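Basis for what follows: all heavy atoms, side chains included, without hydrogens, waters or symmetry-related copies. Per chain, numbering begins at 1; letters A, B, ... match sequence-line order. Keep in mind that this is a model prediction, so the values were computed, not measured.
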2 protein chains.
Amino acid sequence: MPRARSDDKRSAILAAATHLIVAQGLGAPTMGIARQAGIPNGSLFTYFPTKAALFNQLYLELKQEMAAAATANVEQSDFSREHFFQIWHNWMHWAVAFPEKRKALTQLDVSDAITPETRAAAHRAMRPLGALIEHCRAAGPMSKVPAGFVAMLLNAAADATMVFMTQDPKHARRHCKDGFDAAWRMLS
Amino acid sequence: MPRARSDDKRSAILAAATHLIVAQGLGAPTMGIARQAGIPNGSLFTYFPTKAALFNQLYLELKQEMAAAATANVEQSDFSREHFFQIWHNWMHWAVAFPEKRKALTQLDVSDAITPETRAAAHRAMRPLGALIEHCRAAGPMSKVPAGFVAMLLNAAADATMVFMTQDPKHARRHCKDGFDAAWRMLS
DNA sequence: TTTTAGTGACTGGCTAGACAGTTATGGAAG
DNA sequence: CTTCCATAACTGTCTAGCCAGTCACTAAAA
């Protein structure tokens, strides 16, 4: 077997891309990303065939990481308010801990470089959350509302809460709770 | 006085930009925008000094148009649920009637080409809505939550509702009401 | 005649990706 | 154990194409 690719370099590229996307938007040049990652620009293309492929991969991994952070250490079958808050808290905590990742995600989300396939895969990563939401929805006033719509509304509330917490980290704890209360009022 | 600029051309440029931004993203070339507007590319720069200026102007005017559409034909001093729904309905109706304008707005919203000044001006355009929200907030369970946070949550809910209505126009009427009910539950 | 809009060819800078040559890796053959 | 080889990663330079904005000129308005 010939040389193996370096996971470190791969990660460095993704991290550099996250950083530069936040600083310069999606127009950030690949050369800048490579420099930030500490590799020559040519190497970037041995890890990702095109810029779009890099963005798709980044989007997917960030979404997966976010989903994993939200549902870490929680049981599948518990549908209580407290349990839901635990997940919400994990979720918000991740966003505050990695503000660049969250910002990069919102940029990538509206980009047309992200393919429907990637979006579908990202959606799949959020599946565990979906099941939980589904259960709460069915028991409350939104039982007649399409599940996708409910999910979208909750996502929107979560995003808004993340933005506000990041904007005003001093009162992050309170904003986290306020956002949750609002979301919970929405579906119960 | 020498030749006056043509309002028609100006509008054509803005309309063309809206259309192309939706189709190609913010990377849409000025030449493409000019072609779509039916003018030579040089003329675009007699109406807008730079591409960024064009985007800022477009953002501002779309936001103003949206705000005006939402608050058309409604009284300032009425704070009832019905009145709020009337505004919500106007708002959603605009989004469904002009889906491209809404989509272009969401693109522009995350762009770093939009200056803080433009954002402030756009925010001012939403002022009448803000007063209404403020009143409802103060009377409900979110009285202790910052007004900006409440506005952000409502905006997020409105956006999500717009997306879903546009996605599934067949049941737009129901989604409009469902979105409103959810938003109303949030703040009362 | 003055002033400014209209026009479209042009340009300078930038960037994604190609490429030709180099180097590390590990297995196979002796 | 040593040599050799096949493979694929590594590298920096290069280039073809694109695009925002310019400019020299013309046309219209007053």
Side-chain angles (χ1 to χ4, degrees), chain A residues 1-60 104 107-108 110-115 118, chain B residues 1-60 104 107-108 110-115 118:
Chain A
M1 243 215 299
R3 303 171 78 163
R5 289 187 199 168
S6 151
D7 270 354
D8 282 358
K9 283 185 187 173
R10 209 191 106 95
S11 307
I13 293 170
L14 292 171
T18 304
H19 191 248
L20 266 205
I21 285 173
V22 172
Q24 309 184 21
L26 300 173
T30 54
M31 232 186 79
I33 295 173
R35 164 143 15 126
Q36 178 89 25
I39 59 163
N41 87 85
S43 291
L44 189 147
F45 292 95
T46 82
Y47 286 85
F48 303 96
T50 65
K51 191 185 188 184
L54 164 59
F55 281 1
N56 275 271
Q57 203 58 38
L58 180 59
Y59 178 76
L60 183 55
Q107 293 265 336
L108 290 165
V110 301
S111 161
D112 50 355
I114 307 300
T115 66
T118 303
Chain B
M1 243 214 301
R3 299 172 79 164
R5 288 186 198 168
S6 151
D7 270 354
D8 281 358
K9 283 186 187 173
R10 209 191 106 93
S11 306
I13 293 169
L14 291 171
T18 305
H19 191 248
L20 266 205
I21 285 172
V22 172
Q24 309 184 21
L26 299 174
T30 53
M31 232 186 79
I33 295 172
R35 165 145 13 126
Q36 178 88 27
I39 59 163
N41 85 83
S43 290
L44 189 148
F45 292 94
T46 84
Y47 285 85
F48 304 96
T50 66
K51 192 187 188 184
L54 164 59
F55 280 1
N56 274 271
Q57 203 58 39
L58 180 59
Y59 177 76
L60 183 55
Q107 292 265 336
L108 290 166
V110 301
S111 161
D112 49 354
I114 307 300
T115 66
T118 304

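Summarising the geometry of A:Ala104 relative to A:Val22, their closest heavy-atom pair is N-CG2, 3.9 Å, with the distance given to 0.1 Å. In plain terms, the two heavy atoms of B:Asn56 and B:Ala113 that are nearest each other are ND2-O, 2.9 Å. Closest approach of B:Ala37 to B:Ala12, counting heavy atoms only: CB-O, 3.6 Å. Nearest approach of B:Ile21 to B:Phe55, heavy atoms of both residues: CD1-CE1, 3.7 Å.
Summarising the geometry, the separation between CD1 on A:Ile33 and P on C:dC14 is reported as 17 Å, rounded to the nearest angstrom. Rounding to whole angstrom units, OH of residue B:Tyr47 and P of C:dA5 are separated by 8 Å. Nucleotide D:dG12 holds its C1' atom 14 Å from the CG atom of A:Leu44, rounded to whole Å. Rounded to an integer number of Å, the gap from CD1 of A:Ile39 to P of D:dC10 is 8 Å. When the C1' atom of D:dC19 is taken as reference, atom CZ of B:Phe55 falls 13 Å away, rounded to whole Å.
The 5' end of DNA chain C is approached more closely, in terms of each residue's nearest nucleotide, by B:Ser43 than by the other of B:Ser43 and B:Met31.
In this structure the side chain of A:Ser111 never reaches within 4.5 angstrom of the side chain of A:Tyr59, judged on heavy atoms. Side-chain contact between A:Gln57 and A:Arg10 is present, with at least one heavy-atom pair separated by less than 4.5 Å. Side-chain contact between B:Ile114 and B:Leu60 is absent, with no heavy atoms from C-beta onward closer than 4.5 Å. Side-chain contact between B:Asn41 and B:Thr30 is absent, with no heavy atoms from C-beta onward closer than 4.5 Å. No side-chain heavy atom of B:His19 sits less than 4.5 Å from a side-chain heavy atom of B:Gln24. The shortest side-chain heavy-atom distance between A:Leu14 and A:Leu54 falls under the 4.5 Å cut-off.
Listed pair B:Thr46 / C:dG6 meets the phosphate criterion, a side-chain N or O lying under 4.0 Å from OP1 or OP2.
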N/O contacts under 3.5 Å, protein versus nucleotides 17-22 of chain C?
{"unit_1": "C:dG17", "atom_1": "OP2", "unit_2": "A:Lys51", "atom_2": "N", "d": "2.9"}

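Heavy atoms of B:Phe48 sit nowhere under 4.0 angstrom from any nucleic acid atom.
Between the side chains of B:Ser43 and B:Thr46, no donor-acceptor pair is found at a separation under 3.5 Å.
In the region residues 7-28 of chain B, proximity to DNA chain D at under 4.0 angstrom, judged on heavy atoms, holds for B:Ala28.
Consecutive Watson-Crick or G-U pairing (both distances under 3.5 Å) extending over three or more pairs maps onto DNA chain C as C:1-30 with D:1-30.
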